[in-house]
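Structure first, commentary second.
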Number of protein chains: 2
Amino acid sequence: MDKKTEQKKVFLDIVQQLRQLIKMEEIQAGEKLPSERVLSERLGVGRSSVREALRSLELLGLIETKHGGGTFLASTHKHQLVEILSMFILEDEKSKKDVELTRQIHEKEAIRVISCTETLRTLPVWDSFFVKLEIEDAISCRDVLREIIITAGNRLSLKVWFQLAAYDGDRLNRNSTEEEKLIIQTMLKSMQLGYEKEALKAYEQWMKTLRSN
Amino acid sequence: MDKKTEQKKVFLDIVQQLRQLIKMEEIQAGEKLPSERVLSERLGVGRSSVREALRSLELLGLIETKHGGGTFLASTHKHQLVEILSMFILEDEKSKKDVELTRQIHEKEAIRVISCTETLRTLPVWDSFFVKLEIEDAISCRDVLREIIITAGNRLSLKVWFQLAAYDGDRLNRNSTEEEKLIIQTMLKSMQLGYEKEALKAYEQWMKTLRSN
DNA sequence: TACCGAAAGTGGTCTGGCCACTTTTGAACA
DNA sequence: TGTTCAAAAGTGGCCAGACCACTTTCGGTA
């Protein structure tokens, strides 16, 4: 059970304790954490060790710091993770392609899940998209995909997706063209009706269009 | 260098410089990095700042440190990432289920890719598994899945999978029962022949069996 | 009541020190 | 010549204290 209670490194231990502290004191996203000096005293460790732990979490994007202001629990979607990982790991073109493909893996699975789940595919939110697609000018690829992934209900998959989507954000954030909107409508319609195959087919077409633009 | 010294955080700057250093000096995975004191001097910053950067990368699993020995560029598959993220984000049962589902997303996609790709599904490696399944006693679920993901060729997907697989490793590392071996054979055979549907069906059955044991 | 400036609080960074552990070195030994 | 092993050097782990830059807080003045 306590598999790693005998942590060697203090800073890893602090990461653990920080987690407990956040849970105990019910610190919500965006709220302030105790100051470095306070943490140092409460946990009985040096301030530099606390900083090592905090900096680690910051790099992971789990906390944010404001010089002179304090340390705050991050509001989810601001992970530097992919940026850092990509700096070290992904450098060639093949890797960039991998990022895109991996992102699409999660997107496709979400479409499958929704198509096959009565309660999800009949959600009113999809109808709202039809309205948006006709009325609003600014609908980005990302908006639609995000809703899909969120609805599919796998939070971890969502998290991975956010990171990957942040990586080649330019293309995703661009507003959709009329051609794309049509494809999106087809896809959503198929999904609503539970036509998994058709929905995925439309999705593939959509991605193809995105690449060419 | 193009130092964009907009009062950015030194430790983030160090992370960048570290990356360049690794690239410049062609430090390979497993090889040693300069010591903290040397880095501190070369980069013209305090040792504590260097440590904050190194500890961050350590938490990400990009480097490994040996007390008294030195700091080493990590040999890929040892990312603590999921563990840390899950500590903070995934705490309930639902989340554990998410980990499993997310892992399976990548596995299924790999099976699809291989099934649909002549050059991949006809690889001799699959035949070798049939022999192994019959002769060797110790074949773990993980062995088979890993080969599948590797063959599919998406390195990022592989990386994500490694992390997720590490998360609930107990079940994956266990040796396969005779029943499971039969299912695996069915799956591989279908995959070899390009029968995507059947392969996935066998896969689902396999996972179901795993859960019940 | 509204405003402003000083004080307090907080993160950012550096220095220097001590400890524990690993690797290297070199001298004694076989 | 080759081996062994203990001392020395190298390295990470951790802490205390100091100073700076910035933000927030708070009390007094207009």
Side-chain angles (χ1 to χ4, degrees), chain A residues 4-18 21-22 25 27 29-75 78 80 84, chain B residues 1 3-18 21-22 25 27 29-75 78 80 84:
Chain A
K4 291 182 178 176
T5 314
E6 53 150 343
Q7 286 286 5
K8 270 184 163 182
K9 304 182 199 279
V10 167
F11 98 93
L12 281 178
D13 202 43
I14 295 177
V15 167
Q16 293 239 30
Q17 297 198 47
L18 233 34
L21 185 146
I22 289 173
E25 313 210 345
I27 299 176
E31 288 182 2
K32 199 172 166 190
L33 268 59
S35 76
E36 295 179 351
R37 289 173 178 84
V38 169
L39 283 174
S40 152
E41 194 172 342
R42 279 178 56 173
L43 304 181
V45 296
R47 190 182 156 211
S48 54
S49 293
V50 170
R51 280 187 61 81
E52 288 180 11
L54 288 178
R55 253 17 80 208
S56 299
L57 296 180
E58 183 176 359
L59 195 64
L60 273 180
L62 294 174
I63 61 171
E64 293 168 348
T65 52
K66 253 198 329 188
H67 189 180
T71 306
F72 304 82
L73 198 55
S75 38
K78 277 207 169 176
Q80 306 200 32
I84 302 297
Chain B
M1 300 291 181
K3 49 176 185 180
K4 33 193 165 183
T5 43
E6 296 245 344
Q7 293 175 339
K8 291 296 179 186
K9 319 212 174 203
V10 167
F11 99 93
L12 280 179
D13 202 42
I14 295 177
V15 167
Q16 289 247 27
Q17 297 197 44
L18 232 34
L21 186 146
I22 289 171
E25 313 208 344
I27 299 175
E31 288 183 1
K32 198 171 163 193
L33 268 57
S35 76
E36 296 180 351
R37 290 173 176 82
V38 169
L39 283 175
S40 149
E41 193 173 343
R42 278 178 57 172
L43 303 181
V45 296
R47 191 185 154 207
S48 54
S49 294
V50 170
R51 277 185 64 79
E52 289 181 13
L54 288 177
R55 251 19 79 208
S56 299
L57 295 180
E58 184 177 359
L59 195 68
L60 272 181
L62 294 173
I63 62 173
E64 293 168 348
T65 51
K66 256 200 322 189
H67 189 179
T71 307
F72 304 83
L73 197 55
S75 39
K78 277 210 167 182
Q80 305 201 33
I84 300 297

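Protein chains get the first letters and strands the later ones, always in sequence-line order, with residue 1 at the start of each.
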task: Return the 5'-most residue of the pair B:G46, B:F72 with respect to DNA chain C, ranking by each residue's nearest nucleotide.
output: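 Residue closer to the 5' terminus by nearest nucleotide: B:G46.
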When the distance from [atom1] of [X] to [atom2] of [N] is rounded to whole Å, what number comes out?
| X | N | atom1 | atom2 | value |
| --- | --- | --- | --- | --- |
| A:E36 | D:dC22 | CD | P | 17 Å |
| A:I63 | C:dG11 | CD1 | C1' | 11 Å |
| B:R42 | D:dT11 | CZ | P | 13 Å |
| B:E58 | D:dC14 | CD | C1' | 14 Å |
| A:R37 | D:dC19 | CZ | C1' | 11 Å |
| B:E64 | D:dG12 | CD | C1' | 15 Å |
| B:E41 | D:dT11 | CD | P | 12 Å |
| B:L39 | C:dC14 | CG | C1' | 16 Å |

So do the side chains of [X] and [Y] get within less than 4.5 Å of each other, counting heavy atoms only?
| X | Y | answer |
| --- | --- | --- |
| A:V45 | A:L39 | no |
| A:L54 | A:L18 | yes |
| A:S49 | A:L43 | no |

Within the pair [X] and [N], is there a side-chain N or O less than 4.0 Å away from OP1 or OP2?
| X | N | answer |
| --- | --- | --- |
| A:R55 | C:dG12 | yes |
| A:R51 | C:dG11 | no |
| A:K66 | C:dG12 | no |
| B:S48 | C:dT15 | no |
| B:T65 | D:dT11 | no |

task: Could you please name the option among C:dT22, C:dC18, C:dT13 that lies closest to any side-chain atom of B:E52?
output: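 When the side chain of B:E52 is considered, C:dT13 is the closest of C:dT22, C:dC18, C:dT13.
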- request: Return the nearest nucleotide to the side chain of A:V45; candidates are D:dC15, C:dT22, C:dG12.
  value: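 Given the options D:dC15, C:dT22, C:dG12, the side chain of A:V45 is closest to D:dC15.
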- prompt: Quick one: the side chain of B:R47 and the base of C:dG16, do they pair up donor-acceptor inside 3.5 Å?
  reply: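 It does not, because no donor-acceptor pair links the side chain of B:R47 to the base of C:dG16 below 3.5 Å.
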message: Whether the side chain of B:S56 engages the backbone of B:E52 through a donor-acceptor N/O pair (distance < 3.5 Å, no angle test) should be reported.
response: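 Looks like yes, one N/O pair under 3.5 Å.
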- request: Indicate the atoms forming the closest heavy-atom contact of A:L57 with A:V15, along with that distance.
  value: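 Smallest interatomic distance, heavy atoms only, reads CD2-CG1, 4.1 Å.
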- request: Flag yes if more than 12 heavy atoms outside A:E31 fall under 6.0 Å of its CD atom; otherwise flag no.
  value: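 Counting neighbours around CD of A:E31, more than 12 heavy atoms of other residues, nucleotides or ligands fall under 6.0 Å, so yes.
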- request: Please test B:E36 against B:R51 for side-chain contact (heavy atoms from CB on, under 4.5 Å), starting from the C-alpha separation and ending with a verdict.
  value: CA-CA 7 Å; B:E36 296 180 351; B:R51 277 185 64 79; 2.9 Å; yes
Please list, for nucleotides 8-10 of chain D, all pairs of protein and nucleotide N/O atoms separated by less than 3.5 Å.
unit_1 : atom_1 : unit_2 : atom_2 : d
D:dG10 : N2     : B:G68  : O      : 2.8

- prompt: Counting any heavy atom closer than 4.0 Å, what does A:T71 reach on the DNA or RNA strands: base, sugar-phosphate only, or nothing?
  reply: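 Sugar-phosphate, backbone atoms only, no base.
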message: For A:E25, give me all partners under salt bridge (Lys or Arg N to Asp or Glu O under 4.0 Å), at least two apart in sequence or on another chain.
response: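 A:E25: salt bridge (Lys or Arg N to Asp or Glu O under 4.0 Å) contacts with A:R42.
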